[in-house]
Each structure stands twice: as C-alpha cells, then as structure tokens.
2 protein chains.
Amino acid sequence: MSLYLRFLEDHRRRGKETISSGDLAALGGTTSAQVRKDLSFFGSFGTRGLGYSVAALSHRIREILGLEREWRVIIIGAGKIGAALAQYRGFAERGFHVIGVYDVDRAQIGKSLNGLVIQDESAMDADIARLKPDIALIAVPAEAAQALLDRVAKAGVRGVLNFAPTPLHAPEGVKLRSVDMALELEILTYALVGSQH
Amino acid sequence: MSLYLRFLEDHRRRGKETISSGDLAALGGTTSAQVRKDLSFFGSFGTRGLGYSVAALSHRIREILGLEREWRVIIIGAGKIGAALAQYRGFAERGFHVIGVYDVDRAQIGKSLNGLVIQDESAMDADIARLKPDIALIAVPAEAAQALLDRVAKAGVRGVLNFAPTPLHAPEGVKLRSVDMALELEILTYALVGSQH
DNA sequence: TATATCTTGTGAAATCATTCACAAGCATCC
DNA sequence: GGATGCTTGTGAATGATTTCACAAGATATA
Ligand SMILES: NC(=O)c1ccc[n+]([C@@H]2O[C@H](COP(=O)([O-])OP(=O)(O)OC[C@H]3O[C@@H](n4cnc5c(N)ncnc54)[C@H](O)[C@@H]3O)[C@@H](O)[C@H]2O)c1
Ligand SMILES: NC(=O)c1ccc[n+]([C@@H]2O[C@H](COP(=O)([O-])OP(=O)(O)OC[C@H]3O[C@@H](n4cnc5c(N)ncnc54)[C@H](O)[C@@H]3O)[C@@H](O)[C@H]2O)c1
C-alpha cells in the first residue's frame with residue numbers, strides 16, 4: 001500500500017490524472033490482477049474503462065494508512081544515525097514531526113540539530129507523559145536498545161522504529177519495526193551468490 | 001535466514017551451544033515447523049532430541065548467505081546519511097568494507113570520514129573499473145538516484161542498496177533493494193490506526 | 001539393555017495468495 | 001444512439017506456503 005502511494009505520487013508529478021492497474025503493476029513488478037485484488041480489499045474506487053483517479057486513490061490510501069493526520073515522533077540517541085534522522089526533511093514532508101531528541105552523552109546534550117535541542121534522556125519519561133509522542137525512533141547502541149524499548153513502552157509510546165541491529169521483543173500493545181542495514185546487505189549478497197550459480 | 005543468523009549470534013552470546021527449532025520460532029514469532037522447513041531446504045544439520053548446534057548452524061547460514069567472504073562497498077553521496085553509513089562499524093563487523101565515498105559537492109570532497117577521503121564523483125567510474133566493488137549504497141537526493149543507479153550498473157556494480165525514497169528500476173543483472181524510512185513509519189501508522197479499530 | 005523423553009525431518013492436509021478469465025461498466029467516436 | 005475499445009471487480013482455478021502429525025533418531029537415566 002505504501003508503495004502504491006509512492007507510485008501514485010510519482011505519477012502525479014508527471015501530470016497524469018488517472019492510472020490503470022496495469023501501469024501500477026508494471027511499476028511495482030507484479031500483475032494487474034494483483035493490484036486490483038489489493039485495492040478491492042478496501043473497497044472499489046476505480047472507473048471501468050478508465051482506471052483509477054490518481055488524486056482520489058492517493059487520498060484514499062493516505063486515509064487507510066493513517067497519513068491524513070500528523071504524527072509526533074521522538075528520537076533516542078543523537079549519534080551519527082540519530083542526528084541524520086533528526087535533520088531528515090523527508091519525515092516532515094509526510095506528516096512525521098520530530099518533537100524531541102534525547103541522549104545520555106553530556107557532550108551531545110544541549111547541541112542543536114536543525115533548531116532542535118538535544119535533551120538529557122533523564123527528562124524523557126516526563127516529556128513523553130506531557131507531549132504524548134506517537135512513535136519513538138531508537139538509534140542507540142544495540143546493548144541499550146531493549147531497555148529503552150521497554151522504557152518508552154511503559155511511558156506510553158505505542159509505535160517504535162528500531163535501528164539497532166539486534167532482535168528486540170516488543171511489550172504487549174506496542175508495534176515494533178526494525179531497520180537493519182547490514183541485514184539488507186546480507187539479503188543482497190544472498191541474491192548475488194545465488195545468481196552466479 | 002539473515003534473521004535466524006541474528007538469533008543464533010544472540011544465543012551464542014548467552015553461552016548456549018545448541019538451540020531447538022521451537023526456541024528459534026519463539027524468537028522469530030513463527031512456529032517450530034516453519035523453522036524446520038526453512039532450514040531443511042538447505043539440508044539437514046540438526047540432531048534429533050537435541051536441536052541444532054549454534055556454531056555449526058551459524059556457519060552454514062553464513063555460507064548460504066555468502067558471508068564467508070569479504071564484500072567491497074562504495075557509498076555515493078556523503079551527506080548526512082551517507083556520512084553516517086561511512087562511519088558505521090556494523091558493516092565491517094559483518095564483512096562489508098567501505099572502499100570509497102563519492103560526492104559532487106566541492107565543499108565535501110577531500111574531507112575525511114573515519115580515515116576515508118571523500119572523492120569527486122567524476123572519478124567514480126574509473127574507480128569502479130579498477131577496484132571492482134560488489135555493492136553500491138546510494139545516498140543522494142531522490143532526483144539523482146535513478147541516473148546513478150544506471151551509471152554504476154553500467155560500470156559493473158551488481159548490487160545496489162538505495163536510501164532515496166523513490167521507486168527505482170534496476171537494469172538487467174543488477175540486484176536492487178531499497179531502505180525507505182518514511183515508508184517504515186507509514187507501515188507503523190497503519191498498524192497503529194488498525195489496532196484502535 | 002530397556003525405558004522415557006526430546007526434537008528433527010518430512011509426507012499429507014489445510015490454509016493462504018496469486019493468477020486466470022470474463023461479465024459488466026464507462027468513455028469515446030462515428 | 002449504438003458499436004467499439006478499455007479497464008474494473010470478482011468468482012473459480014491454480015499455485016505456494018504453512019501447519020499438522022508422526023515415525024525415527026538421539027540423549028539421558030537406571
Ligand atoms: N551509523 C549508521 O549508519 C548506522 C546504520 C545502521 C544502524 N546503526 C545502528 O544505530 C545505532 C546508533 O548508531 P550510531 O552510528 O549513531 O552510533 P553512535 O555511537 O554515533 O551514537 C549512539 C548514541 O546513542 C547515545 N546513547 C547511548 N545510550 C543511550 C541511552 N540509554 N539513552 C540515550 N542515548 C544513548 C550515545 O550517547 C550516542 O550519542 C547502533 O545500534 C548502530 O548499530 C547505525
Ligand atoms: N538524512 C536521513 O536521515 C535520511 C533518511 C532516509 C532517507 N534519506 C535519503 O537519503 C538521501 C540523502 O539524504 P541526506 O539527508 O544525506 O541528504 P544530504 O543533502 O545531506 O546529502 C546528499 C548528498 O548527495 C550529494 N549528491 C547529490 N548529487 C550527487 C551525485 N550525482 N553524485 C554524488 N553525490 C551527489 C550532495 O552533494 C549531498 O552531499 C535522500 O534521498 C534522502 O531522502 C535520508
């Protein structure tokens with residue numbers, strides 16, 4: 001679904017007003033029947049003979065994904081990757097607003113990233129209670145990740161995106177996803193060794 | 001498979017020598033039968049009544065994934081995310097060696113990241129021909145991504161990991177994967193809006 | 001050695017996902 | 001308005017994956 005949204009935005013930029021399931025399939029590397037099945041799960045909003053209205057379908061998918069509202073995000077760990085994420089414009093463009101960045105390192109605390117001051121992580125629990133962020137990004141060393149996940153979960157955060165390359169266990173009621181870049185590379189190498197027999 | 005490897009390493013750190021399919025399943029959130037089917041696809045290396053040897057299974061999976069050799073990696077775009085990736089220790093730990101970083105920005109070229117000097121991207125094609133990197137990480141603005149993918153593919157790179165949030169089309173014979181962090185957040189929000197009816 | 005207890009490896013069954021195929025709907029053109 | 005050309009939405013067929021269920025191998029214990 002998120003991918004379809006990317007394709008639709010791409011298509012809109014090219015000035016097209018409608019798109020057929022076949023076009024979407026070609027972009028996504030699937031079949032037109034697949035695309036239609038996926039979309040029909042949420043209702044039917046295409047026009048026969050014409051395809052889907054790019055604007056209408058985008059809007060509907062944004063609704064389904066919950067992107068019609070703004071989301072508050074905090075970042076834990078202001079190291080190399082945390083700092084990059086804090087300054088990433090792509091988040092705000094899609095409705096994700098970074099409202100806080102935390103670290104334990106005295107040398108980091110107080111520094112400003114894009115107008116956002118790095119806070120002492122001891123202030124985090126109180127801030128979460130007050131500002132009620134929806135999602136936390138965990139960008140700390142692997143050893144510290146599970147403890148922080150438990151801590152933000154307890155404080156009331158319901159979604160977590162983890163960047164530490166370690167298996168984590170999410171407490172009940174918390175949605176967890178992990179981005180593991182070394183793992184992505186491993187999937188690539190598997191494909192590479194596989195393709196040369 | 002890569003995930004199983006993570007679990008095994010985790011388990012080894014805890015001092016365990018064997019692990020059962022049930023344990024692996026619990027870690028991965030699947031069933032024991034699933035794990036056994038996955039592993040049996042590549043042969044049978046468990047011991048009945050005991051489980052799998054953590055060391056032997058790790059080794060076998062590393063073999064299957066092609067991690068028993070070293071891989072050469074270049075990074076294109078030395079911006080915020082490119083710089084973070086260039087300094088990331090986790091890659092070298094898993095056998096991925098960054099041998100070059102490229103940018104167009106005069107202000108960036110010549111700077112050193114962890115002992116790695118940022119090169120002018122006009123030198124890139126010659127370097128690829130000479131050093132034969134296996135994988136390129138693309139960390140440039142979305143508009144520039146497709147052109148660079150085509151360019152490194154032509155120069156002989158066979159695997160690409162893309163960080164730009166845009167749909168790319170890989171030329172024949174090139175394995176492409178993309179990491180899209182805003183998309184990861186969208187998947188989280190979908191789960192969040194879904195779970196509250 | 002005999003017995004009890006685990007856990008793998010794997011056919012068979014059940015479930016889930018994709019593809020096929022086509023009636024029905026809409027737009028366009030004559 | 002009627003014929004023509006596209007494209008959707010969706011049952012039915014096919015294909016893939018997951019789960020079930022259990023025989024057979026391995027260890028441990030006495
Ligand atoms: N650098 C990358 O490109 C990259 C890529 C993929 C994954 N990662 C992972 O992301 C994590 C961070 O990587 P990095 O390169 O930014 O490391 P880093 O050392 O630059 O930054 C880690 C930061 O976390 C802070 N920290 C440690 N414990 C903390 C706590 N309890 N609360 C708050 N802050 C705490 C540290 O003070 C430090 O500033 C690691 O797990 C790493 O494996 C990094
Ligand atoms: N910053 C993040 O945390 C983050 C997160 C996810 C995705 N991304 C994506 O990663 C990409 C880079 O993001 P960033 O934040 O590092 O941006 P950035 O502006 O800091 O860095 C981009 C760099 O690419 C260089 N560049 C541009 N064209 C180039 C070319 N043809 N060849 C070589 N280098 C070129 C620029 O000079 C610049 O240094 C973007 O597509 C962004 O959407 C960034």
Side-chain angles (χ1 to χ4, degrees), chain A residues 1-12 14-65 167 187 190-191 194-195, chain B residues 1-8 10-12 14-65 167 183 187 190-191 194-195:
Chain A
M1 275 294 156
S2 299
L3 265 180
Y4 288 143
L5 189 53
R6 291 280 185 291
F7 300 146
L8 287 169
E9 283 166 1
D10 216 48
H11 216 67
R12 166 139 58 180
R14 302 230 175 86
K16 303 289 176 61
E17 298 207 341
T18 64
I19 189 168
S20 73
S21 56
D23 295 348
L24 274 172
L27 290 168
T30 59
T31 67
S32 62
Q34 181 66 67
V35 170
R36 293 201 298 279
K37 266 271 152 69
D38 286 354
L39 296 180
S40 75
F41 180 76
F42 296 103
S44 58
F45 18 80
T47 336
R48 300 185 171 188
L50 200 61
Y52 301 87
S53 147
V54 173
L57 186 54
S58 294
H59 185 265
R60 187 74 188 90
I61 293 182
R62 295 179 62 81
E63 236 169 58
I64 291 165
L65 295 179
I187 297 173
Y190 177 58
S195 69
Chain B
M1 274 295 156
S2 300
L3 264 180
Y4 290 143
L5 190 53
R6 291 280 185 291
F7 300 147
L8 288 170
D10 215 48
H11 217 67
R12 167 139 58 179
R14 302 229 175 86
K16 302 289 177 64
E17 299 206 342
T18 64
I19 190 169
S20 73
S21 56
D23 295 349
L24 275 172
L27 289 169
T30 59
T31 67
S32 62
Q34 180 66 67
V35 171
R36 292 200 298 278
K37 266 272 153 67
D38 286 354
L39 297 180
S40 75
F41 180 76
F42 296 102
S44 58
F45 18 80
T47 337
R48 301 185 171 188
L50 201 62
Y52 301 87
S53 147
V54 173
L57 186 54
S58 293
H59 185 265
R60 188 75 188 88
I61 293 182
R62 295 179 63 82
E63 237 169 58
I64 293 164
L65 295 179
L183 190 140
I187 297 173
Y190 176 58
S195 70

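Every heavy atom of this structure was used, including side-chain atoms; hydrogens, water molecules and symmetry mates were not. So you know, we letter chains A, B, ... as the sequences are listed, proteins then strands, and number each from 1. Here the structure is a predicted model, which means the values were calculated and not measured.
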Q: With sugar-phosphate meaning primed atoms plus P, OP1 and OP2, does B/F45 contact a base, only sugar-phosphate, or nothing at under 4.0 Å between heavy atoms?
A: sugar-phosphate

Q: May I ask you to decide whether A/E9 forms a salt bridge with A/R12, counting only side-chain N to carboxylate O separations under 4.0 Å?
A: no

Q: Between D/dT14 atom C1' and A/K37 atom NZ, what is the distance in whole Å?
A: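 So the two atoms are 12 Å apart, to the nearest Å.
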
Q: Locate the shortest heavy-atom distance separating A/L57 from A/F45; write the atom from each residue and the value.
A: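 The answer is CD1-CE1, 3.3 Å.
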
Q: Taking side chain as C-beta onward, heavy atoms only, is B/V35 less than 4.5 Å from B/S32?
A: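 B/V35 does not reach B/S32 side chain to side chain.
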
Q: What is the distance, to the nearest angstrom, from the CD atom on B/E17 to the P atom on D/dT27?
A: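 In whole Å, D/dT27 P and B/E17 CD are 14 Å from each other.
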
Q: Is any side-chain N of the basic residue among B/D10 and B/R6 closer than 4.0 Å to the acidic one's carboxylate O?
A: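 No, no charged N to carboxylate O under 4.0 Å.
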
Q: Starting from the first five and the last five pairs of the helix from C/dT1-D/dA30 to C/dC30-D/dG1, work out the angle between the resulting helix axes, to 10 degrees.
A: 20°

Q: Side chain of A/R48, base of D/dT7: donor and acceptor closer than 3.5 Å?
A: no

Q: May I have the distance from B/L50 (atom CG) to D/dG25 (atom C1'), rounded to whole angstrom?
A: 12 Å

Q: Just to be sure I understand the geometry, which residues of residues 20-35 of chain B put a non-hydrogen atom under 4.0 Å away from DNA chain C?
A: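 Under 4.0 Å from DNA chain C: B/S20, B/S21.
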
Q: Check every nucleotide of DNA chain C for an atom under 4.0 Å from a heavy-atom of chain B, then give the first and the last such nucleotide from 5' to 3'.
A: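 Range of nucleotides within reach of chain B: C/dC6 to C/dA12.
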
Q: Nearest-Å distance, CG (A/L57) to C1' (D/dT7)?
A: 14 Å

